[in-house]
Amino acid sequence: MVHVGIGYDVHALVEGRKCVLGGVEIPHEKGLDGHSDADVLMHAVCDAVLGALGQPDIGRFFPNTDPRWKGVPSRVFLEEAARQVKAQSGRLVNVDASLIAQAPKVTPHVEQMKQNIGTALGVDPRRIGIKATTNELLGFIGRGEGIAAMAVASVDLPEPA
Ligand code: MG
């Protein structure tokens, strides 16, 4: 039976940090603030996959108070989500995500992001959807203070015995 999960994340844009989105380091005057590499897109995808499994969010697996996760690439979190799918004898069917950012432009990097997320999750990148939109200059995203991402994931799970 196919189970669906949802994920949402937001990180602040600050000076002196790299801007990593979907595992791609994108040249930008600001980067995302956070304990890990703050890859907001991978975090939303991770929560969507975990949500489909009925698992708690990424922070329960990787507390941001734990120095082990300081500065880690977020593909580590996706790899754990993929392990959780396997642990429940599941199969990840697809992921779809939207990035909401006033800047930088992400469309040129979308194919690489799909590759990175697909590789981390162990699925064909053609099963990963990524769209990007601006926030029409409205609110904190529109002012370039942060970037948000949302994602859904579907996981085929065996019927409980
Ligand atoms: Mg996050």
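First listed ligand is number 1; within each ligand, the first listed atom is number 1. Each residue takes its place number in the sequence, starting with 1.
- Looking at Asp124, its side chain never comes within 3.5 Å of a backbone N or O of Arg127 through a donor-acceptor pair.
- Around the Mg ion (ligand 1), the protein N, O or S atoms found under 2.8 Å comprise Asp9 OD2, His11 NE2, His43 ND1.
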Full working for salt bridge (Lys or Arg N to Asp or Glu O under 4.0 Å) between Asp37 and Arg17:
CA-CA 9 Å; Asp37 65 1; Arg17 290 271 303 180; over 6 Å; no
Pair Cys19-Lys30, side chain to side chain contact (heavy atoms under 4.5 Å, CB included): steps then yes or no:
CA-CA 7 Å; Cys19 187; Lys30 289 181 176 179; over 6 Å; no
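- Gln102 places a side-chain N or O within 3.5 Å of a backbone atom of Asn135 that can act as its donor or acceptor partner.
- Applying the salt bridge (Lys or Arg N to Asp or Glu O under 4.0 Å) criterion to Arg75, with sequence neighbours excluded, gives Glu79.
- Summarising the local packing, NZ of Lys131 is surrounded by more than 12 heavy atoms from other residues, nucleotides or ligands at distances under 6.0 Å.
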